[in-house]
Amino acid sequence: MHCCILKMGFENDVFVGASLINLYSRFRGLDSAYKVFVEMPVRDVGSWNAMISGFCQNGNAAEALDVLNKMKGEGLKMDKVTVSSILPVCAQSNDVVSGLLIHLYVIKHGLEEDVFVSNALINMYSKLGRLQDSQRVFYYMKVKDLVSWNSIIAAYEQNDVPTTALGLFKEMQFVGIRPDLLTVVSLASILGQLSDETVSRSVHGFVMRHEWLEKDVVIGNALVNMYAKLGAMDCASTVFEHLPLRDIISWNTLITGYAQNGLASEAIDAFNKMEQCENIIPNQGTWVSILPAYSHLGALQQGTKIHGRLIKNSLYLDVFVATCLIDMYGKCGWLDDAMSLFYEIPRETSVPWNAIISSLGIHGHGEQALQLFKDMLAEGVNADHITFISLLSACSHSASNRLLEVDSDNVGYYVLLSNMYANVGKWEGVTKVRSLARDRGLSKTPGWSSVVVGSIVEVFYTGNQTHPKCIEIYDELRVLTAKMKSIGYVPDYSFVLQDVEEDEKEQILTSHSERLAIAFGIISTPPGSPIRIFKNLRVCGDCHNATKYISRITERDIVVRDSNRFHHFKDGICSCGDYW
DNA sequence: TTAGGGTTAG
């Protein structure tokens, strides 16, 4: 075709050039596309954009950025298409600085009005884990299309905030936008995360009625994953067996499902079956799915065989794969091998440290585990909650005081430990850590919230029962909670750290200081007027979610200033993007 | 010439 174009004398036409670049980068390879690009006698912004998006769509982030820099070098300015093409590259290469600079450029040149540009910004921020920025872009968009909604729903789903993602899905339907296949892929993942079996089944039915399984392998994989997350492996495997299309991710999803539901033998059977399929090549995801199954069964021989295979392609140096190997050697009793592998791989994140600390713990080497924890901090690696769980189990013989000796003045560790105990229902642990913190003079500040009504500032402490309008306040909260529940609010009891029954947990959440202040604001000011709250600590996560519902039900703007930031709640959405 | 999706360790 290129020859025909040359014969017909169209080679100088920039539109033809851009189309050729586009066509070649999709079907013929980037080399051919780049050849057309460099041989073009005249290039306009469109030609550069075609080349940038060509590199980007094929995952060549570095080359895409290189072309962009050359384009700038020739004095050409980015337009809305350039920006939309380059933003996914920033996400791919985890380049926050470039992403922010391009966003500034967008604002300076008024490009945020373009729906492609804004959608690309939502997606980039989401992939960089900056949910708050995604939310802000979405919030200020004047025109939102299906892609905008899919992007913001996927953003919350992928950053593990499924409740908000589901709320946005409902809102999308409320404003009259019909879901497409990509919406349902996110929805399946949301329902798996929320363990909602009833709605999950109806989503499965919806997909079947639309015959989407024949259309795209991704939706089938999403359904297998959804059932696996619900613990319904019989349904997951039935869906898998009937998939018209299967790729490596379908297999990985099935294997992971079995392994994570404690069915290690079934995971290994599935892996062996997969090995029989000629066109399926295992990838990193396969190894991190199957290795834990071998660890679980103590199947060292099969595990070392996999290690051998991985040495040939250097995949054993991948931090996730290596962590699985460390864990396997640790669990199978080969601590020396676990240690030597640990010192061979990159250790910038907590992931491999957690695995080796946990391995040392299994073998009763509490002291050595503690030493590694110190080394980890000395190397500037941040500990996370898994580190503490690993350390706690490692130090179980010597149950956690030793852990607090490392940094005994850091009140955060006490709160973290106490929350960890609370989450697993070990209330005696909670009491012990709290009294330890109290003994050391590290008490937690009591939370209070204030609200201004007229010229008077009212202050509420959590659980206040003495305010003159106490009865009205709690009545208002009861009515609000019922309305909130009718439109999807589910109380999140993980924010209640007391060992009490569920109805009591709900009462505790309802009597948080910020909620009392909001309720007082509602009953004391004219309908529709804004409410301003100040909280001395960070606002509780469940109260944050509840306030979104309250802003929608009461049609009021609610501004909460907490110790961390401003939250502006309006029509069911918070300006902070739920990432505070 | 432009934007969106599925699996994964501790």
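Letters go in sequence order (proteins before strands), and every chain restarts at 1.
If you check every strand for non-hydrogen atoms under 4.0 Å, Ser84(A) touches a base. Residue Ser186(A) is classed as having no contact, given no heavy-atom separation below 4.0 Å to the nucleic acid. Within 4.0 Å (heavy atoms only), Ser350(A) reaches at least one base atom of the nucleic acid. Counting non-hydrogen atoms under 4.0 angstrom, Val217(A) reaches a base of the nucleic acid. In this structure, Asp216(A) reaches the bases: a heavy-atom distance under 4.0 Å links it to at least one base atom across the strands shown. Asp145(A) comes within 4.0 angstrom of a base, heavy atoms only.
Applying the 4.0 Å criterion to OP1 and OP2 of dG5(B), one finds that Lys215(A) has every side-chain N and O outside that range. Dashed line: the shortest gap from a side-chain N or O of Gln284(A) to OP1 or OP2 of dA9(B) is not under 4.0 Å. Taking only side-chain nitrogens and oxygens, Gln57(A) comes nearer than 4.0 Å to OP1 or OP2 of dT2(B). Look at Lys127(A) and you'll find a side-chain N or O under 4.0 angstrom from OP1 or OP2 of dG5(B). Regarding contacts with the backbone of dA3(B), every side-chain N or O of Asn123(A) stays at 4.0 angstrom or more from both OP1 and OP2.
Relative to the six-membered ring of Phe138(A), Lys144(A) meets both conditions, a distance below 6.0 Å and an angle of at most 45° to the axis.
In this structure, CG of Leu254(A) is placed 14 Å from P of dT7(B), rounded to the nearest angstrom. In this structure, CG of Leu291(A) is placed 19 Å from P of dT7(B), rounded to the nearest angstrom. Whole-Å rounding puts the Ile326(A) CD1 to dT8(B) P distance at 20 Å. Here dT2(B) presents its P atom at 16 Å from CG of Leu68(A), a figure rounded to the nearest Å. When the P atom of dT2(B) is taken as reference, atom CE of Met51(A) falls 12 Å away, rounded to whole Å. Whole-Å rounding puts the His296(A) NE2 to dG10(B) P distance at 11 Å. With rounding to whole Å, Ile255(A) atom CD1 is found 10 Å from dT7(B) atom C1'. In this structure, the CE atom of Met172(A) is 15 Å from the P atom of dG5(B), given to the nearest Å.
Of the candidate nucleotides dA3(B), dT1(B), dG5(B), dA3(B) has the atom nearest to the side chain of Asn119(A). Distances from the side chain of Leu182(A) to the nucleotides dG5(B), dG10(B), dA3(B) place dG5(B) closest. Of all nucleotides listed (dG10(B), dT1(B), dT7(B)), dG10(B) comes nearest to the side chain of Lys331(A). Nearest to the side chain of Phe116(A), among dT2(B), dG10(B), dG5(B), sits dT2(B). When distances run from any side-chain atom of Pro292(A) to the nucleotides dG10(B), dT7(B), dG5(B), the shortest one goes to dG10(B). Here dT7(B) is the nucleotide among dT7(B), dG5(B), dT1(B) with the atom lying nearest to any side-chain atom of Asn225(A). Of the listed nucleotides (dA3(B), dG5(B), dT7(B)), dG5(B) has the atom at the smallest distance from the side chain of Leu181(A). The side chain of Val81(A) lies closest to dT1(B) when the candidates are dA3(B), dG10(B), dT1(B). For Ile249(A), whose side chain is taken as the heavy atoms from C-beta onward, the closest listed nucleotide among dT1(B), dG5(B), dT7(B) is dT7(B). Side-chain proximity of Ser85(A) to dA3(B), dT2(B), dG10(B): nearest is dT2(B).
Salt bridge Asp269(A)/Lys273(A): absent, no basic N to carboxylate O contact under 4.0 Å. Ion pairing between a basic and an acidic side chain is recognised when a charged N comes within 4.0 Å of a carboxylate O; Lys215(A) and Glu211(A) show no such pairing.
Of the N and O atoms on the side chains of Asn354(A) and Thr387(A), at least one donor lies less than 3.5 Å from an acceptor on the other residue. No hydrogens or angles considered: nothing links the side chains of Asn225(A) and Thr253(A) as a donor-acceptor pair under 3.5 Å.
For Asn159(A) (side chain) and Ala155(A) (main-chain N/O), a donor-acceptor pair under 3.5 Å exists by modelled atom type.
Residues Trp48(A) and Phe37(A) place their aromatic rings such that the two centres sit under 6.0 Å apart. Under the 6.0 Å cut-off for aromatic ring centres, Trp353(A) and Phe342(A) qualify, their centroids lying closer than that.
The stretch residues 103-114 of chain A has no heavy atom under 4.0 angstrom from DNA chain B at all.
Ring pair His103(A)/Tyr125(A) is tilted by interplanar angle, where 30° to 60° counts as tilted.
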